[in-house]
Amino acid sequence: MRFAVFLGAMLGGVAAMAADYVPLPGGTFNSVLPADGQNAPARIAPFAMRAEPVTNAEYLAFVRTHTAWSKDQVPALFADGAYLSHWAGALSLGDAVLADQPVTEVSWFAARAYCEGEDARLPTWYEWEVAAAADAHRTDARADPAWRQSVLDWYGRPSSAPLAPVGGAANVYGLRDLNGLVWEWVDDFNALLVSADSREQNGADKARFCGAAALTLQQKENYATLMRVAMLSALKASDTTRNLGFRCVRSL
Amino acid sequence: MSRLIPLVLLAAGLLPVNLIAADGKAAAAPAVAANGAAVPGDLGPPQGEPIHALLGVPPHVPPPIHRNYPAKVIVELEVIEKEMPISEGVTYTYWTFGGTVPGSFIRVRQGDTVEFHLKNAPDNKMPHNIDLHGVTGPGGGAASSFTAPGHESQFTFKALNAGLYVYHCATAPVGMHVANGMYGLILIEPPEGLSTVDHEYYVMQGDFYTTGKYREKGHQPFDMDAAIAERPTYVLFNGREGALTGDHALSAKVGETVRLFVGNGGPNLVSSFHVIGEIFDKVYYEGGTHAQENVQTTLIPAGGAMMAEFRVDVPGTYVLVDHSIFRAFNKGALGMLKVEGPTNKAIYSGKEVDSVYLGDRAGDNLHAVAVAAKANASGTLSKEEQVKAGQQLFEGTCSVCHQGSGEGMAGVFPPLAKSDYLAKLAKEKLISIPLHGLTGAITVNGKDYNSVMPPMAQLTDDEVANILTYVLNSWGNPGGQVSKEEVGKVRAQPAAAGGEAH
């Protein structure tokens with residue numbers, strides 16, 4: 001926390017209130033997407049991650065100072081027709097949208113621009129994955145069936161109810177809402193190598209992706225995470241969806 | 001003069017021949033593959049205005065296509081993730097094509113150009129796509145239809161092969177998307193259409209995997225471990241227990257014809273589809289072109305389909321089952337077809353006789369046997385009691401071959417009535433026949449027999465004694481009496497050789 005305050009002060013508080021950033025040590029990590037496509041662990045440099053996803057209020061503050069990103073001005077190239085469509089106006093949330101709900105219906109371009117405004121960037125998939133692998137007591141809870149089931153339970157709930165506000169239970173790092181609230185953009189979402197037809201696992205198309213991770217669902221311990229990869233792989237950079245938000249990171 | 005222009009162009013090789021019809025109008029030209037050969041099943045470019053396909057909500061299908069030309073058909077299918085009951089008091093989060101399990105029924109004509117729009121509802125969490133087994137092309141459309149929530153994909157294919165095909169989601173993990181209900185059927189009618197029937201229905205089997213047990217109340221999440229182990233909690237027709245029973249039963253009237261379009265979404269199990277009380281007049285197995293006739297049970301592979309046609313002649317309730325029968329009674333794979341109308345006793349009588357059946361050795365109708373056994377025990381057994389008991393035992397065991405009349409069956413089972421063979425047989429040999437059986441060539445009343453009578457070793461000594469006493473005193477045989485003790489003595493000896501050896 002002390003670190004976050006320090007960093008926030010140093011950066012001069014671009015957003016209305018400087019967001020909490022939490023340091024993570026990095027290191028090696030056994031990703032569901034092995035670094036060499038076989039089994040090599042990912043190497044992750046130390047970084048700091050936003051404790052919570054960006055909220056509607058925070059994103060509104062950004063749009064007010066960067067009106068090019070308001071929904072009536074954003075070029076179609078950077079955001080699809082549903083961009084911020086749940087907001088009442090270009091610069092107002094309206095009654096149906098809560099300030100502390102995570103912002104959704106944002107494109108990758110928009111999320112990137114916001115993070116730049118916070119002097120940060122979108123996390124890489126590996127950064128996001130290592131952060132989300134933790135639970136309240138462990139840095140890597142993925143082997144625990146209870147962890148897996150809690151992740152899957154969210155997938156299994158229809159999103160007919162309004163999104164909950166940010167501020168769920170913190171994991172061991174102090175990060176909240178990585179699982180169970182919204183999908184989140186990652187910087188390299190379109191390099192995760194889930195082909196449009198997931199069954200082409202050994203096809204020639206694999207070569208197109210620089211020999212990166214070969215996605216197999218053989219390890220059922222991984223499939224909760226791989227479903228998120230599949231979701232991200234379905235997106236184009238201008239896409240927005242009702243359950244897709246983001247958070248930012250900074251390199252240390 | 002104007003008629004000459006195309007001829008001139010034709011002569012110059014500037015117009016394809018098949019563009020010129022007799023009346024001078026342009027006619028359909030089948031697509032030509034890169035090597036110059038026409039693609040089989042291609043009936044030419046789409047004609048007329050584009051048609052928006054009507055989609056069938058299970059168990060109903062869209063009406064037959066009465067069209068004699070290939071058209072452009074626009075199909076719009078929306079993926080909806082929603083919670084629905086899977087059984088009484090049990091809910092499940094289904095992923096659906098069109099809001100139902102199975103998904104909307106699509107009906108097009110062979111040669112049609114299908115413009116497919118796959119919409120992923122904005123509230124959905126998951127990306128989805130569609131693989132239609134009726135599509136010729138990589139992934140059956142899956143690669144072209146990967147769609148994020150709140151988005152729509154479009155791809156176009158030509159329906160080259162007639163038949164009944166499964167479609168399903170092929171997004172990772174594929175098994176989970178299918179297990180959650182993401183499958184349906186697309187019918188590609190042959191150009192001449194299908195035969196006319198009175199009713200067409202749409203049924204699809206699927207297996208479901210929940211963390212809770214069968215009928216455990218409340219919301220039940222998907223269980224990946226059970227799915228991998230292929231141990232379903234539910235095996236269902238049309239996605240929910242009771243989807244086709246009671247008020248939701250399929251219906252028809254006596255004398256009507258019914259066509260069932262039945263698919264199997266899986267993800268794991270193969271279906272032994274059967275309708276109790278009905279014989280399928282025709283089954284287009286695996287959804288293909290050829291029909292088998294007079295089928296009782298037909299196998300539907302996971303990711304496969306079939307069409308069955310039959311006429312209903314007798315009123316009543318016909319039960320659709322997966323004849324892997326525990327699935328029907330313990331996992332929910334039951335449906336019903338209710339047929340109303342007048343009874344037809346010539347075809348099926350209903351119950352004519354309700355009598356007690358006790359098998360050949362049980363109960364009150366063996367009263368005489370019981371009397372004989374009691375008399376035997378008390379040492380007062382008379383020949384008459386033996387004959388009466390023997391008759392009942394004979395009818396239960398021996399009459400199956402030797403007939404109740406003792407006449408046997410010429411050439412197969414020798415007669416016992418007025419049998420010269422029995423008359424000259426020593427008593428010990430006579431007793432050994434039921435005890436040890438008789439194998440080989442014998443001559444009875446001038447006819448040759450060469451077969452096998454197995455030993456009737458299950459009969460007790462007094463049963464054998466009573467049977468033989470009955471035989472000796474019936475049908476003009478010479479008479480006599482066999483005692484339990486005599487039987488016991490012969491039983492203790494090794495079996496004698498059969499046939500004429502005695």
Side-chain angles (χ1 to χ4, degrees), chain A residues 32 80-83 85-86 104-105 145 148-150 152-163 181-183 189 192 194-201 203-205 215-236 238-244, chain B residues 79-84 91-96 118 120-131 137-153 155 168-180 209-211 219-229:
Chain A
V32 297
D80 67 18
Y83 176 70
S85 55
H86 55 315
T104 60
E105 303 281 18
R148 189 169 78 230
Q149 195 58 45
S150 71
L152 292 173
D153 282 351
W154 178 66
Y155 299 166
R157 272 199 306 274
S159 52
S160 41
L163 286 173
L181 184 59
V182 285
W183 304 113
F189 74 97
L192 301 182
V194 176
S195 82
D197 185 343
S198 67
R199 299 161 297 179
E200 295 174 347
Q201 288 167 8
D205 285 356
L215 172 56
T216 74
L217 288 168
Q218 287 164 355
Q219 289 173 284
K220 61 180 191 280
E221 288 73 20
N222 288 343
Y223 88 100
T225 307
L226 284 166
M227 287 175 71
R228 184 174 281 267
V229 175
M231 170 62 199
L232 290 167
S233 301
L235 299 168
K236 296 195 296 291
S238 60
D239 282 356
T240 73
T241 92
R242 205 164 288 180
N243 289 294
L244 175 61
Chain B
V79 176
I80 302 167
E81 299 167 1
K82 63 190 222 186
E83 199 173 300
M84 293 191 287
T91 57
Y92 187 75
T93 301
Y94 293 88
W95 299 346
T96 72
L118 187 72
N120 195 349
D123 277 337
N124 290 350
K125 285 208 175 108
M126 295 294 161
H128 299 285
N129 62 4
I130 191 166
D131 168 357
S144 313
S145 61
F146 196 33
T147 310
H151 291 80
E152 175 180 335
S153 295
F155 64 100
H168 64 92
C169 183
T171 299
V174 181
M176 181 179 182
H177 283 251
V178 172
N180 283 348
Y209 303 82
T210 61
T211 51
H219 184 78
Q220 294 296 335
F222 170 72
D223 184 340
M224 186 65 147
D225 289 333
I228 291 171

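Quick caveat: nothing in here was measured; it's all calculated off a predicted structure.
Judged purely by distance below 3.5 Å, without hydrogens or angles, the side chains of His151(B) and Asp80(A) pair a donor atom with an acceptor atom. Ser153(B) and Thr147(B) share a donor-acceptor pair across their side chains, judged by distance under 3.5 Å alone. Judged purely by distance below 3.5 Å, without hydrogens or angles, the side chains of Asp225(B) and Tyr209(B) never pair a donor atom with an acceptor atom.
At a 4.5 Å heavy-atom cutoff, the contact between Pro221(B) and chain A is made by side-chain atoms alone. Contacts between Trp183(A) and chain B at a heavy-atom distance below 4.5 Å involve the side chain alone, from C-beta outward. There is no contact between Asp223(B) and chain A, counting heavy-atom distances below 4.5 Å. Neither the backbone nor the side chain of Glu105(A) has a heavy atom closer than 4.5 Å to any heavy atom of chain B.
Per-residue counts of heavy-atom pairs under 4.5 Å with chain A were compared for Gly150(B), Gly141(B), Pro122(B), Gly175(B); the largest is that of Pro122(B). Ranked by heavy-atom pairs under 4.5 Å with chain A, the first of Met176(B), His219(B), Glu83(B), Met126(B) is Met126(B).
Residues Phe222(B) and Leu152(A) form no side-chain contact, since every pair of their non-hydrogen atoms from C-beta on lies 4.5 Å or further apart.
Sequence neighbours left out, the pairs with a member in residues 225-236 of chain A that pass salt bridge (charged side-chain N to carboxylate O under 4.0 Å, His left out) are Lys236(A)-Asp239(A).
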